[in-house]
Amino acid sequence: MQIDFAAIEKKWQSEWEKNRIFEADPDEKPKFFITIPYPYLNGNLHAGHTRTLTIGDAIARYMRMRGYNVLFPMGFHVTGTPIIGLAELIAKRDERTIEVYTKYHDVPKDVLLGLTTPEKIVEYFSNEALKALKGIGYSIDWRRVFTTTDEEYQKFIEWQYWKLKEKNLVVKGSHPVRYCPHDQNPVEDHDLLMGENATIVEFTVIKFYLDDNEKIIFPCATLRPETVFGVTNIWVKPTKYVLAKVNDETWFVSKEAYEKLTYTDKKVELIKEVDAKDFIGKFVINPLTKNKVPILPAEFVDTDNATGVVMSVPAHAPYDYVAIEDLKKNEEYLKKFNLDKSLIENLKPIVLIKVEDENYEIPAKEIVEELEIESQNDVEKLEKATKVLYKKEFHKGVLLEITGSYTGIKVSQIKDRLTQDLIEMGIGDVFYEFSEKPVVCRCGTKCVVKLVKDQWFLNYSNPEWKKRVLEHLESMKIIPDYYKEEFRNKIEWLKDKACARRKGLGTRIPWDKEWLIESLSDSTIYMAYYILAKYINSGELKAENITQELLDYVFLGIGDVSEVAKSSKLSKELVERIKMDFEYWYPVDLRSSGKDLVANHLLFFLFHHVAIFPPDLWPRAIAVNGYVSLEGKKMSKSKGPLLTMKRAVKEHGADVTRMYILYAAEYDNDADWRRKDVEGLANHLRRFYSLALEYYTKEQKQLTKLDKWLISRFQRAIKETIEAMDNIQTRRAVNTAFFEVMADVRWYLRRGGENLGVIFDDWLKLLAPFAPHICEELWHLKHDTFISLEDYPEFDESKIDVGAEAIEEYLKTLIEDAKEILKFVEEPKEIYISPAEEWKKEVVNIVLRCNNMKDAMKEIMSNEKFKKMSKEVSAFVKRAFKEKKDGLLVFEINEFEVIKENIKFLEKELGVKVSLDSDKIPESKKKAAMPGKPAIFVI
RNA sequence: GCGGGGGUUGCCGAGCUAGGAAAAGGCGCAGGGCUUAAGACCCUGUCCCGUAGGGGUCCGCGGGUUCAAAUCCCGCCCCCCGCACCA
């Protein structure tokens, strides 16, 4: 049947808008404030947005029908660099960009070419987004829309930053970034030619002093500073190094290290190039133990890794152990450096870590021997030995007495503490290095780690702040629940975040105007801004009115109305009204978002709320959903493929698009958009529509047992749908409310049901959150209210009819069994059916007697005749217990009567004459009968 | 490496925290019905064997507990995602 989805959708969208039914203001009902992260507008809204937003809208509509006053607002995010980047690419007529934006974002080429400034892009895409969001029928309160570059919004952001500053949560500091010396810019992943997987690792530098010249420092770099207690010597590569002035010290480092140091916050100056050979054989002092140890040559030293000077810990480092053994064996090499063999022979490994349950003499020695490592050239095995040993010691190792005050500390917990101590003592430092190399910029230049100085940071590492966030997390609802653990881990992992930028759209840091506030940091508590936005859009509130005092008062209750009104040049009444709005709507009851925002936005969302607002205004719940792929392929905004929201709606209709995306996947699972499946769903909806036309307005007849079955089954669907929606399981909800009910409807019609209309009022309501337009249209066949504002159906236990359900179940199995038998009979003439009353009583009695299935099964299974059919019996007993729990043991149904009453139906289904004459059934067949499974005999 | 999730029938996916028949629902495929026809719709089948409702196999792999395990316990293999200054 042809249905003009588009016309129906347009009609109701305009009705909703005209009647302002989604504009939410405080009232006496309980409130529900749901927000979805505003989309970033460097392109059109796509299927990914569609998923997150449709889930949000379905929840909003559901909660509204459940009796809540629901606020579902939306804004647009445009701060940051990508929009500027896009404007530049369009201005440059970048071919790839033009292709992607015309082909995938559906921007007409002539329009696209005009989008050469960030402002034009923002204007264009926000208009498009608005059209898309309205065209899919989201129940958004559009009076509150805004864009993050609005002057008023910037006032709000400034306020937020002042609050953080007051609490000392924005601090100055330095941080290491990947940096391209040629471009003189930090590099992001997509700017890299090589080394995308490299991370920045922090080496601890320990300053060994040259014995005969205390001014020269050998800065040994290590990832395991605790091994400083086991140093027997230090290694340098026999090649050219340099002496450099680093701050006020003289360091001996590799040439590469010198280069790298120039990008740090240290003052660095080259003194001269030196030959490492001139230092080999000399001694340095271990600054912590004061031990005097020799400088020795080693070929394995990589001058391009950290300082190019390393400590040797033969007890715990396989490389060091082997290198020393190599030296002992190679007299010629020793001679070359004028080294005395006895010096080497006297190097005794110093063990400083004990691994629980193991009794190694010298761990490195043992593993080297175990793996039969011959020399330091055996790199592959050495890497393996190192990895195995380090891992074991890191996880299970404990420091021995030799480490003095660190005795007993776990290796896994020592690094940061010891490094900190060393720095405080003036004998330590840190050196940042890439975890893998090379790291090369797109321009071909090798990247370095640069320490950006004097930057503003959000002090997320602040333990007090973290603690409060963690505590709040425990009281929140996180959906799905295992993401709570994920959040816990991420909160602990979160470090200080640089929050200032040179480039991009955004708000300037109010006390340091040369910096822009980084765009993730300006979108943390903006849900509060939706309250203001209504008044801003109505013209009652202007940028100049939005003073610090006003926001302090509205959001935090600080200050006095009269003064606030005066300073903000607003009426007292308006100030109070805004404040009351805020107090009514806040906190956010649910933030529903894509899973990509867990480790960033959602985290910051929590941190900033905890920092700025009192505990009763902290968010209550977070829900996380997965991505959408297209025909199995990952979508990409910048490369394609991409399906825009508008296109999906245009091609398939809003309701089909919504329902498909809600049904395609649950929670954080990814959904796949498959055109064929979408069309299949459209058919289902058409079928639903025509069923409604046929039965909804039809006059009802007297209710039969079958009708009661339908009603009973439908009650179960209501219950499960509500349960699913309360858990934000839209897939389960649609599956139940639509597909499973549909399956029951099919059976109902097949059984000759005529009163399908009895469930339709409720069925339409049940489906309204998912397919609101169609439901609204059909609802109006009989009503003149908005279904969107009706009460959601409630589970009514009194309508459950276990007896009716048992009958239909019974008939289904009976038909199934009979058909199974009929397969084997060539020309069936008649089928005899006879219930097994005796066995049934026996089993039912046991079930009634026993408290649980386990005991019942034990008893039943002790009977040989049941044991033979353990599968069938257990199934029956399981059902019996379920029914027993539901209050009635429906297997009390009179099978004989049921068959008798439905004999016509059975004959129609089976295509043969059905008879209830048990005398005609041979004993052998009667034996196969079970409770609920009558004896069947075909002639 | 660390952390989170997961491996179920041709596919997508329930079920797995309360152990109880090859295991919901959707898709696909095959056959049949309806229809002038197509589409839609309805029915049946879709692990293997079977001329009586049965038997066998089965939920990543290997063990164990139990009358009974996809579900509980132990060991192993494999896959996906995050690890940041980017929205």
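Lettering of chains follows the sequences in order, A, B, ..., and the numbering in each one begins at 1. Just so it is clear, the values below take in all heavy atoms, side chains as well, and ignore hydrogens, waters and symmetry mates.
- Rounded to the nearest Å, the gap between the C1' atom of G82(B) and that of C47(B) is 39 Å.
- Comparing A52(B), A87(B), G4(B) by their nearest atom to the side chain of Glu486(A) picks out G4(B).
- Whole-Å rounding puts the Glu909(A) CD to G53(B) P distance at 22 Å.
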Nucleotide by nucleotide, 5' to 3', does protein get under 4.0 Å of the base (B), only the sugar-phosphate (S), or neither (-) in nucleotides 23-32 of chain B, counting heavy atoms?
-> -BBSS-----
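- Residues Glu816(A) and Tyr627(A) both approach RNA chain B. Their nearest nucleotides, taken by heavy-atom distance, put Glu816(A) toward the 5′ side.
- Cation-pi geometry between Lys595(A) and Tyr627(A) is met: under 6.0 angstrom from the ring centre, within 45 degrees of the axis.
- The gap from the P atom of G53(B) to that of U65(B) amounts to 33 Å, rounded to the nearest Å.
- In this structure, Val914(A) and Tyr832(A) have side chains that are not in contact, with every pair of non-hydrogen atoms separated by 4.5 Å or more.
- Here the C1' atom of nucleotide G82(B) and the NZ atom of Lys484(A) are 20 Å apart, to the nearest Å.
- Taking the six-membered ring for Trp, Phe76(A) and Tyr40(A) have ring centres at least 6.0 Å apart.
- Counting any heavy atom pair closer than 4.0 Å across all strands shown, Asn669(A) reaches sugar-phosphate atoms only and no base atom.
- Across the strands present, C41(B) finds its partner in G33(B); the criterion is a Watson-Crick or G-U wobble pair with both atom distances under 3.5 angstrom.
- Evaluation of the salt bridge (Lys or Arg N to Asp or Glu O under 4.0 Å) rule for Arg731(A) yields no partner, not counting sequence neighbours.
- The interatomic distance linking Ile491(A) (CD1) with C83(B) (P) rounds to 17 Å, in whole Å.
- As the counterpart of U46(B), G28(B) is assigned, both hydrogen-bonding distances of the Watson-Crick or G-U wobble pattern falling under 3.5 Å.
- A gap of 26 Å separates the C1' atoms of C72(B) and G56(B), to the nearest Å.
- Contact check on Glu666(A) versus Arg732(A) returns no salt bridge, with no Lys/Arg side-chain nitrogen under 4.0 Å from an Asp/Glu carboxylate oxygen.
- Heavy atoms of Val938(A) sit under 4.0 angstrom from at least one base atom.
- In this model, the phosphate group of A87(B) is approached by a side-chain N or O of Thr81(A) to a distance below 4.0 Å at OP1 or OP2.
- Residue Tyr483(A) is out of contact with every strand shown, counting any heavy-atom pair closer than 4.0 Å.
- Here G3(B) is the nucleotide among C42(B), G3(B), A87(B) with the atom lying nearest to any side-chain atom of Asn489(A).
- Separating the CD atom of Glu820(A) from the P atom of G55(B) is a distance of 11 Å, rounded to the nearest angstrom.
- Atom CG of Leu494(A) is separated from atom C1' of A84(B) by 9 Å (rounded to the nearest Å).
- With both pairing distances under 3.5 Å, C2(B) is matched to G82(B) as a Watson-Crick or G-U wobble pair.
- The residue among Lys634(A) and His175(A) whose nearest nucleotide of RNA chain B is located toward the 5' end is Lys634(A).
- Counting any heavy atom pair closer than 4.0 Å across all strands shown, Lys637(A) reaches no nucleic acid atom.
- Side-chain atoms of Asn600(A) and base atoms of A87(B) include a donor and an acceptor less than 3.5 Å apart.
- In this entry the distance linking CG of Leu520(A) with C1' of A84(B) reads 9 Å, nearest Å.
- Listed nucleotides G50(B), C83(B), A52(B) differ in distance to Ile821(A); the shortest reach to its side chain belongs to A52(B).
- Separating the C1' atom of A68(B) from that of G20(B) is a span of 6 Å, rounded to the nearest Å.
- Using a 4.0 Å heavy-atom criterion, one finds that Asp496(A) contacts the bases of the nucleic acid, with or without backbone contacts as well.
- A sub-4.0 Å separation between OP1 or OP2 of U44(B) and a side-chain N or O of Arg750(A) is present.
- Side-chain atoms of Leu602(A) and Ser593(A), non-hydrogen and from C-beta on, do get closer than 4.5 Å to each other.
- The base-pairing partner of G20(B), taking Watson-Crick or G-U wobble contacts with both distances under 3.5 Å, is C67(B).
- Taking a pair to require two hydrogen-bonding distances under 3.5 Å in either a Watson-Crick or a G-U wobble arrangement, A52(B) remains unpaired.
- For Arg658(A) and Phe770(A), the positive end is not near the middle of the six-membered ring at less than 6.0 Å and at most 45° from its axis.
- The side chain of Ala935(A) lies closest to G53(B), out of C83(B), U51(B), G53(B).
- G4(B) and C42(B) have their C1' atoms separated by 46 Å, given to the nearest Å.
- Across the protein-nucleic acid pair, Asp670(A) atom CG and C11(B) atom P stand 19 Å apart, rounded to whole Å.
- A straight line from CD1 of Ile921(A) to P of G53(B) spans 15 Å, rounded to a whole angstrom.
- Classified by interplanar angle (parallel below 30°, tilted 30° to 60°, perpendicular above 60°), the ring pair Tyr38(A)/His77(A) is parallel.
- The separation of G55(B) from A22(B), taken at their C1' atoms, amounts to 14 Å, rounded to a whole angstrom.
- A 3.5 Å limit on both hydrogen-bonding distances identifies no Watson-Crick or G-U partner for U9(B).
- The same atom, P, is picked in C27(B) and in C41(B); the two are 8 Å apart, to the nearest Å.
- Distance from the side chain of Glu485(A) is smallest for G4(B) among the nucleotides A87(B), G53(B), G4(B).
- Contacts of Leu822(A) with the nucleic acid, taken as non-hydrogen atoms under 4.0 Å apart, are absent.
- Among the atoms of the strands shown, only primed sugar atoms or phosphate atoms (P, OP1, OP2) are found under 4.0 Å from some heavy atom of Asn683(A).
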Run the side-chain donor-acceptor check on residues 675-684 of chain A: report pairs under 3.5 Å with partners two or more places apart or on a different chain.
{"from": "Arg675(A)", "atom 1": "NH1", "to": "Glu651(A)", "atom 2": "OE1", "distance (Å)": "3.1"}
{"from": "Asn683(A)", "atom 1": "OD1", "to": "Arg686(A)", "atom 2": "NH1", "distance (Å)": "2.7"}

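- Salt bridge annotation for Glu485(A)-Arg488(A): present, with a cationic side-chain nitrogen under 4.0 angstrom from a carboxylate oxygen.
- Nearest to the side-chain atoms of Tyr482(A) among the listed nucleotides U44(B), G4(B), G53(B) stands G4(B).
- Between Arg750(A) and Glu909(A), at least one side-chain N (NZ, or NE/NH1/NH2) sits under 4.0 Å from a carboxylate O, which counts as a salt bridge.
- As rounded to the nearest Å, G25(B) and C76(B) have P atoms that lie 38 Å from one another.
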